[in-house]
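Reminder, nothing fancy here: chain letters follow the sequence lines and each chain counts from 1.
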Protein chains: 2
Amino acid sequence: MTRYSRQTRILVAVDCIIFGFDGQELKLLLVKRHIEPEKGNWSLMGGFVEPGESFECAATRVLKKLTGLENVYMEQLSAFGDPERDPIERTVSVAYFSLIDINKYIQQISHEYDAEWFPIKKLPEVIFDHSNMIEMAKEKLRYKAAFHPILFELLPEKFTLPQLQSLYEGIYDAALDKRNFSRKILSTTLLVKQKDKEKETSKRGAFYYKLDRKKYANKFNAFLNFIPNPQKLK
Amino acid sequence: MTRYSRQTRILVAVDCIIFGFDGQELKLLLVKRHIEPEKGNWSLMGGFVEPGESFECAATRVLKKLTGLENVYMEQLSAFGDPERDPIERTVSVAYFSLIDINKYIQQISHEYDAEWFPIKKLPEVIFDHSNMIEMAKEKLRYKAAFHPILFELLPEKFTLPQLQSLYEGIYDAALDKRNFSRKILSTTLLVKQKDKEKETSKRGAFYYKLDRKKYANKFNAFLNFIPNPQKLK
DNA sequence: GAATTTAGTGTATGTTTTACACTTTTGTAT
DNA sequence: ATACAAAAGTGTAAAACATACACTAAATTC
């Protein structure tokens, strides 16, 4: 026996939901689709899964092709299998979401694709079921970040507490008290204070912090409860 | 254009991780695989995704075929795509996990399959990457149940607080204080006390409770923190 | 009616979360 | 040089929540 007979084989793709943060708001990287159908319309970056390639490999490959980045935070979101999701031919898609430092991306941008960052609140129309994927990814990010310290992945290596706070505020659409916020964040002991300050955005300047990568890896499963009323989340 | 040319099409399957609770311990429903390869070995219940059928449909169909049950708690766990996971031919699988009332199953059992409940702690060897799927499902169940009131799905319509507590204790391998437990559970106001008692397991008898299905649907996203130290979970 | 078994309940203590306001720093404008 | 503006940084008191802990109540069995 070498094959399962009488079964239908289906195209399998991956799609990447790529989040970035520019210091102000959460953004999503979309590309102009370069094949028919829907050629020229905005889309998640994706690609077919190749023979001998796992989903993770495929998603990593796709992400690297677009951003030049490797070793970034990536997590499987869900598989999408509606028979009608691609009008040309049935294609199932395994969606991954990534958190990247938007500045690193800018340096490494490949111009092979028409790619553009869109504020998460002003997304253009996207093809197929991609808006569905994006919606789910946003939800999962909010959910997960309420308990796990993953938002660091969106920031540069050195960042300030006000920057981190505004990231949380952006993602949860909530104003947080800076005293309570810094106490909570620092109580994780995941952050290491640096000697230098970021002086672009304020006269006084705010101290930089770095993530303690070792502790971060160990403590990833520490539930943090950063958000005052996680009840309100899905 | 009617097809994506030059792309490889792949077999797509679903597998169901079916949890049940017999009042003592958490169990998993496995079947004896009835096709080659690995015919006769223990396996999750699964099946190929058919043309025109979504993943949810396929998983629901597979679950119904085995258990006779519909409208049960079911959630996508993850897609598994290792190119080597099926030795015969590349097959990707979308795994779903379900929580069912084990008693309902017993009544409706289909004997078309050799199926058997195994205590989660004494599982036999299973085929392919199924132990991996099971491990992930166990983790997700523990994770999710720490915040969401889903374990009710494993119980019959009427249940007692001691039964519910022993379910939590089983799943988290922890002894819980019954005073604290009942306070926490009842504070959700999700349970409605019944007038009758369960008198099998004790002389005094314990009052039955029913889930308030309406509130349950609304409050599903209330994070409950049933478990004293969720830090310890993945 | 005594003994056994499990159900059911309350309180005091410690911990965590929340709400809240002033001082410090330093660049810019006069 | 001095005043002003703008954001950083810090502490405390009250409330809410989590925990630890032990006795009484109910009903069956002998």
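Straight-line distance from the CG atom of B/L164 to the P atom of C/dA7: 13 Å, rounded to whole Å. Protein atom NZ of B/K178 is 11 Å distant from nucleotide atom C1' of D/dA25, rounded to whole Å. In this structure, CG of B/L161 is placed 13 Å from C1' of C/dT6, rounded to the nearest angstrom. Rounding to whole angstrom units, CG of residue A/N180 and C1' of D/dA16 are separated by 14 Å. Rounded to whole Å, the distance from CZ on A/F181 to P on D/dG11 is 18 Å. Separating the CZ atom of A/F207 from the P atom of D/dG9 is a distance of 7 Å, rounded to the nearest angstrom. In this structure, the CD atom of B/Q163 is 9 Å from the P atom of C/dA7, given to the nearest Å. B/L176 has its CG atom 14 Å from the P atom of D/dA18, to the nearest Å.
With hydrogens and angles left out, the side chain of A/R183 and the base of D/dT12 share a donor-acceptor pair within 3.5 Å. Side-chain N/O atoms of A/K199 and base N/O atoms of C/dG27 include no donor-acceptor pair closer than 3.5 Å. For D/dA8, the base has no donor-acceptor partner in the side chain of A/K197 [N/O atoms by modelled type, under 3.5 angstrom].
Heavy-atom nearest nucleotides on DNA chain D were determined for A/D177 and for A/K203, and the one closer to the 5' end corresponds to A/K203. Place A/G205 and B/T160 on DNA chain C by their nearest nucleotides, and B/T160 ends up nearer the 5' end.
Between A/F118 and A/W42, the angle of the ring planes goes over 60°, which puts this pair in the perpendicular group of the 30/60° scheme. Ring geometry, A/F97 versus A/Y73: the interplanar angle falls from 30° to 60°, so the pair is classed tilted.
When distances run from any side-chain atom of B/K184 to the nucleotides C/dT9, D/dT19, D/dT10, the shortest one goes to D/dT19. The side chain of A/R204 lies closest to D/dA7 when the candidates are C/dA7, D/dA7, C/dC20. Distance from the side chain of A/P162 is smallest to D/dG9 among D/dT19, D/dG11, D/dG9. Minimum atom distance to the side chain of A/R179 is reached by C/dC20, of the listed C/dT9, D/dA7, C/dC20.
Side-chain N/O atoms of A/S78 and B/Q76 include a donor and acceptor closer than 3.5 Å. Residues A/Y209 and A/Q163 bring no donor and acceptor atom of their side chains to less than 3.5 Å of each other.
The ring pair (Phe, Tyr, Trp, His ring centres under 6.0 Å) search around A/F21 returns none, not counting sequence neighbours.
Residue B/T201 is classed as a sugar-phosphate contact, given heavy-atom separations below 4.0 Å to backbone atoms only.
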